Number of protein chains: 2
Amino acid sequence: MDLRRLRYFVAVAEERSVGKAAERLRMAQPPLSVQIRKLEAELGTPLFRRGTRGMDLTEAGLALMSRASEALALAAEGVEAARAVAAGRRGRLSVGYMFVLASAVLPQLVPELRRSLPGVDLDFVELSASTREPLLLDRAVGVALCMPAIHHPEIQVAQIGTQTLMLAAPARSPLARMTAVPVDKLQGRPLIALPRPEEEPTSSAVAALLRRHQVVMPIISRVETVHSALGLVLAGEGLSILPACAKLGAPPGIVFRPFLDAADTIEIAACWRRDSSSQLIRTFLKSAEKVVARI
Amino acid sequence: MDLRRLRYFVAVAEERSVGKAAERLRMAQPPLSVQIRKLEAELGTPLFRRGTRGMDLTEAGLALMSRASEALALAAEGVEAARAVAAGRRGRLSVGYMFVLASAVLPQLVPELRRSLPGVDLDFVELSASTREPLLLDRAVGVALCMPAIHHPEIQVAQIGTQTLMLAAPARSPLARMTAVPVDKLQGRPLIALPRPEEEPTSSAVAALLRRHQVVMPIISRVETVHSALGLVLAGEGLSILPACAKLGAPPGIVFRPFLDAADTIEIAACWRRDSSSQLIRTFLKSAEKVVARI
DNA sequence: CCAACCCATACGTTTTCGGTATGTCTCATG
DNA sequence: CATGAGACATACCGAAAACGTATGGGTTGG
């Protein structure tokens with residue numbers, strides 16, 4: 001069975017005429033006539049009654065017609081669906097993100113993506129430093145917002161923005177009165193830390209900053225989320241050092257201050273498998289850059 | 001879009017390997033590989049990821065796959081349906097019958113047809129002499145049981161059996177005591193007649209019989225059905241002359257007697273358009289002959 | 001009786017398809 | 001590190017299928 005024959009058959013059945021159908025198919029009438037007869041020979045039964053004024057479906061032809069036109073429609077739909085997926089007009093995209101970005105980026109990124117990728121099923125997955133790489137390689141996530149980027153031969157990276165590390169302090173703290181805080185003012189003060197560097201690379205950037213200035217801050221507690229860290233800071237338990245984007249979604253009563261003598265930055269990057277469908281990723285990148293630029 | 005390509009695609013997707021699929025399709029591996037690449041070129045997007053250990057559907061491929069396999073199944077089903085209809089294993093057959101045959105033939109014919117044509121939608125249509133020809137020509141009925149046959153260049157006829165005309169009389173009538181009745185004994189007796197010859201050819205056979213023997217029977221009433229005629233005979237209104245098959249389904253109290261000096265017969269024939277699907281008709285004929293032989 | 005219309009057939013040309021031989025890449029193994 | 005196996009890709013050639021043009025045959029309507 002050849003789809004060409006089915007298409008010809010459906011055209012003739014619809015036009016009730018070989019000549020008309022040939023015109024519609026932009027071919028000459030004789031070859032179409034031949035194809036129809038070949039189809040009939042293949043099925044071992046006439047599909048049309050030849051009248052003097054055109055062709056008319058037999059019962060067998062009717063039985064074939066209903067299925068054939070559906071099959072053609074399905075095939076066309078399949079082709080269209082594949083093209084749509086390839087073009088990023090339809091499909092699935094699983095977006096991973098490092099949790100420090102959740103409160104700052106997601107509220108704006110999610111609606112932006114739904115706008116720029118209509119017809120695409122989006123889902124969002126929280127990542128940690130240890131899970132992000134295998135999830136990307138397994139295609140469990142299509143693209144990941146990382147801070148900082150992943151380096152791996154199979155993974156492609158696009159820098160989307162950078163974040164400065166800032167001090168988060170209670171508004172009533174004496175440090176809050178300075179517009180910029182010297183790092184050594186932090187000496188000995190209790191630190192509310194994010195998870196260990198193996199899970200959360202931000203923590204290693206913070207550690208590097210303090211080590212460079214030979215400042216020691218005792219870690220009074222490690223928390224899982226930026227929200228918890230900010231809550232403890234507000235409670236007066238200590239200070240925290242976070243990427244600037246954590247400011248978004250921070251409750252009143254907490255101020256963020258840059259450092260006077262340090263401007264350590266962490267890059268925000270999108271990471272994806274090199275062989276992933278490129279169009280979806282490209283659209284994602286545009287949206288993500290737009291959102292991150294507004295932070 | 002060519003169905004061959006879709007079939008190849010589905011095979012490769014299912015086997016997750018060009019080589020395996022080629023084996024299943026009984027062809028060499030290289031041409032299959034070429035066809036897959038042509039399909040990808042046609043769609044403008046890769047459908048597979050080529051790994052070292054086989055092929056793996058991309059998202060676009062997945063989108064195509066679900067529709068393509070359905071489309072193939074539908075096409076195959078369409079082909080099978082057309083073949084089944086052609087072979088008489090499935091389809092529709094509208095069976096027409098002259099009403100005089102209804103009580104005698106239908107009770108046995110209907111179950112016999114349902115047995116011999118399983119999967120065929122049967123329906124039964126009552127015909128009169130004036131409607132049977134146009135209904136056959138319009139294909140509103142596929143085959144008609146006629147008494148007698150129709151003669152028309154487009155209509156084919158097969159004789160199935162013959163019916164002798166018999167006298168139907170009340171059991172208490174003096175005529176009932178004879179094993180065979182001379183026609184001239186009917187002279188002047190009231191006749192319960194079926195519809196006029198234009199509608200019911202049996203009536204013209206009856207008229208011919210009487211005319212040949214120069215017997216006149218006043219028509220005391222014309223009725224539409226054999227049942228009505230028998231009812232009136234039983235009521236003592238008069239006599240009736242009917243095909244022998246009317247005996248079946250006649251109430252007790254009515255006897256059928258042959259004529260001593262006449263054996264007029266009417267043929268029972270099946271009639272159908274020459275161009276109708278032959279297999280259904282052939283099976284119908286076998287069943288009808290079997291049933292009529294038992295009358 | 002002829003012109004118009006429609007489908008069927010014949011034949012030469014072109015396109016496409018399938019098979020064989022071979023290349024390339026990756027992985028596993030000694 | 002070399003090598004061999006396994007998988008897909010490429011190149012080329014012969015065969016088959018499809019297409020177009022020209023033409024035939026049957027029916028309808030003027």
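Worth saying up front: this structure is predicted, and the values here are computed from it rather than measured. Just so we're on the same page: letters track the sequence lines, and every chain starts at 1.
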For DNA chain C, what residues of residues 30-37 of chain B have any heavy atom nearer than 4.0 Å? B:P30, B:P31, B:Q35
I'd like to check B:L101 versus B:L106 (side-chain heavy atoms, cut-off strictly below 4.5 Å). Are they in contact? no
Under 3.5 Å, which donor-acceptor pairs link side chains of residues 34-41 of chain B to any protein atom two or more places apart or in another chain?
from  : atom 1 : to    : atom 2 : distance (Å)
B:Q35 : OE1    : B:R5  : NE     : 2.7
B:E40 : OE1    : B:R50 : NH1    : 3.1
B:E40 : OE1    : B:R50 : NH2    : 3.0
B:E40 : OE2    : B:L47 : N      : 2.8
B:E40 : OE2    : B:F48 : N      : 3.2
B:E40 : OE2    : B:R50 : NH1    : 2.8

B:I150 side, atom CD1; B:L137 side, atom CG - distance, nearest 0.5 Å: 8.0 Å
To the nearest 0.5 Å, what is the distance between CZ (B:R282) and OG (B:S287)? 13.5 Å
Need one value for A:F48: base, sugar-phosphate or nothing, where a base atom within 4.0 Å counts as base even if backbone is also close, heavy atoms only. nothing
Sub-3.5 Å donor-acceptor pair from the side chain of A:S33 to the main-chain atoms of A:Q29, do we have one? no
Given atom NZ of B:K38 and atom P of D:dA11, what is their separation to the nearest angstrom? 13 Å
Contact list for residues 122-147 of chain B, test ring pair (Phe, Tyr, Trp, His ring centres under 6.0 Å), sequence neighbours left out: none
So, taking the atom named CG in A:L145 and the one named CZ in A:F284, what distance separates them when rounded to the nearest 0.5 Å? 4.0 Å
Quick one: B:R4 CZ to C:dT16 P, roughly how many Å, whole number? 11 Å
Look at A:S17 and C:dC6 and indicate whether a side-chain polar atom (N or O) is within less than 4.0 Å of OP1 or OP2. no
Write down the atom of B:R132, the atom of B:M147, and the distance for their closest heavy-atom approach. NH1-N, 4.1 Å
Qualifying residues under salt bridge (charged side-chain N to carboxylate O under 4.0 Å, His left out), relative to B:R139, sequence neighbours excluded: B:D275
Is a side-chain N or O of A:R16 found less than 3.5 angstrom from the main chain of A:D56, in a donor-acceptor match? no
Check nucleotides 24-29 of chain D for protein N or O atoms closer than 3.5 Å to its own N or O atoms and list the pairs.
none

What's the CD-P distance between B:E40 and D:dC8, to the nearest Å? 13 Å
Whole-Å gap separating C1' (C:dT26) and CG (B:D56): 16 Å
Nucleotide C:dC17, atom C1' - distance to CZ of B:R5 in whole Å: 9 Å
Do the side-chain N or O atoms of A:R50 get closer than 4.0 angstrom to the phosphate oxygens (OP1, OP2) of C:dA8? yes
Does any N or O in the side chain of A:R49 come within less than 3.5 Å of the main-chain N or O of A:L57, such that one atom is a donor and the other an acceptor? yes
Roughly how many Å is it from CG in B:D2 to P in D:dA17, rounded to a whole number? 14 Å
Among residues 19-29 of chain A, which residues get a heavy atom nearer than 4.0 Å to DNA chain D? A:M27, A:A28
